[in-house]
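Here's the structure, in structure tokens; my notes come after.
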Number of protein chains: 2
Amino acid sequence: MQISNAEEITGFFKALGNITRLKIVAELAKNDKCVSDVENIIGTRQANISQHLAVLKKYGVVDCRRDGNMRCYFLRQPEVVKNVLWLLGKKE
Amino acid sequence: MQISNAEEITGFFKALGNITRLKIVAELAKNDKCVSDVENIIGTRQANISQHLAVLKKYGVVDCRRDGNMRCYFLRQPEVVKNVLWLLGKKE
DNA sequence: TCAGTATATTCTTATTATCTAATATATGCA
DNA sequence: TGCATATATTAGATAATAAGAATATACTGA
């Protein structure tokens, strides 16, 4: 197995290697959400959610678009993320 | 997407979220290796490789067996790991 | 323009990760 | 038993991450 873009892949794993961010990503896998939606679902302070979303964005896992007053976050590669989570979620 | 075993999955991502460990795992995806093999391929000090292998083991990514004087490390779920790396390695 | 809402940023502190150097442990063999 | 080899563990320094609190920014609507 050759890893050509090891930095990038490591970044993906770093991004998901935190339980709060994993939960955020799992929520975004269902549908796009604005920050306050995520805040309500995850039950963490707004600033913290915002920081985690920034990390996810920095590593290229999510991106966002403005929606009026809000920011709507979404997975950049939803199928990849869903497949990875599915693979890991299966019981072996 | 429901994440039932979030802790465990986060652990997997933490384990792979380091470039040295990612490289180790990519090597083990080719075939099992003893510590000195990994050391030579990765080009890092023995103690450090040993520490990284301990992290991978702690999170359940690898396991090892004794082989005489050596320890042979292997992926616990090679197919899962290979599939995940393949998914992430594809160019989109 | 001003107030209100939504989100981001900065700062501080605590925890965790990483690396090196030194040392310990375990096995194989003479 | 004693030495060499292979690997693991510990300790200590530094860096990276995470969370809360406070504050700043940006958009909306009156």
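Lettering follows sequence order; numbering is per chain, from 1.
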*Would you classify B/Ser50 as touching base, sugar-phosphate or nothing, given that sugar-phosphate means primed atoms plus P, OP1 and OP2, and contacts are heavy atoms under 4.0 Å?*
base
Which of C/dA6, D/dA21, D/dA19 is nearest the side chain of A/Ala47? It is D/dA21
Exercise for review: Ignoring backbone atoms, test whether A/His52 places a side-chain nitrogen or oxygen under 4.0 Å from the OP1 or OP2 oxygen of D/dA19.
Suggested key: yes
For this session: Mark yes or no for a side-chain to base donor-acceptor pair under 3.5 Å between B/Gln51 and D/dA8, with no hydrogen or angle criteria applied.
Result: no
Step by step, work out the side chain to side chain contact (heavy atoms under 4.5 Å, CB included) result for B/Asn18 and B/His52.
CA-CA 9 Å; B/Asn18 169 284; B/His52 281 305; 3.7 Å; yes
Nearest-nucleotide check on DNA chain D, A/Arg71 vs A/Lys58; residue mapping nearer the 5' end is A/Lys58
From CG of A/Asp67 across to C1' of D/dA26 the rounded distance in Å is 14 Å
Atom CG of B/Asn18 and atom P of C/dA17 are separated, to the nearest Å, by 11 Å
Just N and O in the side chain of A/Ser36: are any of them under 4.0 Å from OP1 or OP2 of C/dT7?
yes
Assign each of A/Asp37 and B/Arg66 the nucleotide of DNA chain C bearing its closest heavy atom; nearer the 5' end lies the nucleotide of A/Asp37
Next on the checklist: If the cut-off is 4.0 Å, is A/Asn69 near the phosphate of D/dT28, judged by side-chain N/O to OP1 or OP2?
Outcome noted: no
A/Lys33 NZ to C/dT7 P, in whole Å, measures 14 Å
* Residue-phosphate contact under 4.0 Å: B/Arg21 side-chain N/O, C/dT18 OP1/OP2 -> yes
- [ ] Using only heavy-atom distances, decide whether a donor-acceptor pair under 3.5 angstrom links the side-chain of B/Gln46 to the base of D/dA8.
- [x] yes
Note to self: Quick check: do B/Phe13 and A/Leu88 have side-chain heavy atoms less than 4.5 Å from each other?
What the structure shows: yes
Distance col, row A/Leu16:CG vs B/Thr10:OG1, nearest 0.5 angstrom, shows 8.0 Å
dist A/Arg65:CZ -> A/Asp32:CG (nearest 0.5 Å) comes out at 5.0 Å
Here the gap from B/Leu22 atom CG to A/Lys14 atom NZ, rounded to the nearest 0.5 Å, amounts to 11.0 Å
A/Tyr73 OH to C/dT7 C1', in whole Å, measures 8 Å
Between NZ of A/Lys57 and P of C/dA8 the distance, given in whole Å, is 8 Å
Requested in this report: Would you please confirm or rule out a distance under 4.0 Å between OP1 or OP2 of C/dC19 and any side-chain N or O of B/Arg45?
Outcome: no
SG of B/Cys34 to CZ of B/Phe74, rounded to nearest 0.5 Å, is 14.0 Å
Rounded to whole Å, CG of B/Asp63 lies from C1' of D/dA8 at a distance of 15 Å
When rounded to whole Å, the CG to C1' distance for the pair A/Asn48 and D/dT17 reads 11 Å
* To do: Scan B/Ala54 against the nucleic acid and name what it touches under 4.0 Å (heavy atoms): base, sugar-phosphate only, or nothing.
  => nothing
*Check if the side chain of B/Glu39 and the base of D/dT7 share a donor-acceptor pair of N or O atoms closer than 3.5 Å.*
no
Taken to the nearest whole Å, CD1/B/Ile19 to P/D/dA15 is 20 Å
